[in-house]
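Each remark here refers to the structure printed beneath this line.
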Amino acid sequence: MAPSWSLSSALKGMFARKTIDDDTWSDLEDALISADFGPDITDSIVDELRASVAKYRTTDPADLQRMLRETLEERLARLDPTLHLSARPAVVLVVGVNGVGKTTTIGKFAKFLTNYGRTVVVGAADTFRAAAVEQLATWAERGGAAIVKPQAQGQDPASVAFQTVELAQREGIEIVLIDTAGRLQTKSGLMDELGKIRRVLEKQVEIAEVLLVLDATTGQNGLAQAEAFIEHAGVTGLVLTKLDGSAKGGFVLAVQEKTGIPIKLVGQGEGINDLTGFTPHVFVQGLVG
Ligand code: GDP
Ligand code: GDP
Ligand code: MG
């Protein structure tokens, strides 16, 4: 079955036609806009494909489909999705607005890493709510990871992060995943908190990755909320969650081009195995068919 974010149903009319005509172009434009590519990227893709169709003098919609696939793949592959996890320990800070899927992603990511034989510890640096710590503990267990919890509710998140790395160093645990708070009501407070976590960690190790988690169902609106993280948190990669419930496949390209930050992981479900690396070729197959 085609994924929810596939363009296939929106493009059905286009491919049902025997030739490429004005309706083809308006179907294509509508499909791209409704998939949340945004007007600028939509225009540039349509212009590029019009030029290619003219250049190769084709009237076959199947050629247009192939060209669409190629241009999307080429654009998505401009940034390198490789996770840099060779340091020991490799410390990954996971940041983002409340509810986007940070804690869930950490559990899935731990599982992804332990499947490859890596050892993992997670740090519960979202210390304000006891429930947040317990939620992370559940996911850590599913993911086969150790956990460092605050000794008391509301303990300084930076000290929990510090103790997590300390444990990893002492016990030779390879990967450290730090869960953080996402309360944006006090944006400057949160950014200060993240800044302090970073400063404290950097006394111990170089931070390997700062992953910003974004909820694909909110599309480009959600990106506006995340701007503070991009400005202040030293983000090295994006994680797109909830693609399984999203019709906004185009957000994937839009978010990379808008931020200039590569997508490194993709979440497509609430199960422990529903996280994958980001492979433009595979993604475009799902998108365009
Ligand atoms: P946090 O506040 O950023 O830590 O977000 P949580 O990890 O607590 O997740 C918030 C909600 O999103 C939970 O109900 C998760 O099950 C759900 N969620 C997270 N990732 C995905 C995903 O890839 N797909 C779906 N469908 N739901 C997800
Ligand atoms: P401060 O809390 O404003 O004094 O900021 P610091 O940068 O000194 O430390 C931030 C937090 O990280 C503190 O609450 C400490 O618990 C923790 N921390 C920093 N350095 C160390 C250290 O050398 N050992 C331990 N155990 N914790 C540290
Ligand atoms: Mg959380």
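When a ligand or atom number is given, it counts from 1 through the structure's own listing order.
Using a 4.0 Å cut-off between a side-chain N of Lys or Arg and a carboxylate O of Asp or Glu, D47 and R50 do not qualify as a salt bridge. Taking 4.0 Å as the cut-off between side-chain N and carboxylate O, R69 and E73 do not count as a salt-bridged pair. A salt bridge does not link K12 with D27: none of the charged nitrogens is closer than 4.0 Å to a carboxylate oxygen. The pair K149-E134 meets the salt-bridge criterion, with a side-chain N (NZ, NE, NH1 or NH2) lying under 4.0 Å from an Asp/Glu carboxylate O. In this structure, K102 does not pair ionically with D126, as no charged nitrogen and carboxylate oxygen lie closer than 4.0 Å.
The distance criterion of under 3.5 Å between nitrogen or oxygen atoms is met by E270 with respect to ligand 1. Backbone and side-chain nitrogen or oxygen atoms of D179 are examined, and none is located within less than 3.5 angstrom of a nitrogen or oxygen of ligand 1. Checked by distance only, ligand 1 and T105 stay at 3.5 Å or farther apart across all their nitrogen or oxygen atoms. Annotation: G101 places an N or O atom under 3.5 Å from an N or O atom of ligand 1; distance criterion only.
Protein heavy atom closest to atom 6 (P) of ligand 1, with residue, atom name and distance, is T104 OG1, 3.4 Å. For atom 11 (C) of ligand 1, the closest non-hydrogen atom on the protein side is K242 NZ, 3.9 Å. Among protein heavy atoms, atom 26 (N) of ligand 1 sits closest to D244 OD2, 2.7 Å.
Residue Q285 qualifies as enclosed at atom CD: its count of foreign heavy atoms under 6.0 Å is above 12.
When non-hydrogen atoms are compared, ligand 1 lies under 4.0 Å from neither the backbone nor the side chain of R183. In T103, the parts holding a heavy atom less than 4.0 Å from any atom of ligand 1 are both the side chain and the backbone. Counting heavy atoms under 4.0 Å from ligand 1, residue Q135 touches it through the side chain alone.
With hydrogens and angles disregarded, no donor-acceptor distance shorter than 3.5 Å links the side chain of T59 to the backbone of T19.
None of V94, V97, L223, V95 except one satisfies the side chain to side chain contact (heavy atoms under 4.5 Å, CB included) rule with L212; the exception is V95.
The ligand atoms of ligand 1 that sit less than 4.0 angstrom from a heavy atom of G267 are 23 (O).
Not one N, O or S atom of T104 sits under 2.8 Å from the Mg ion (ligand 3).
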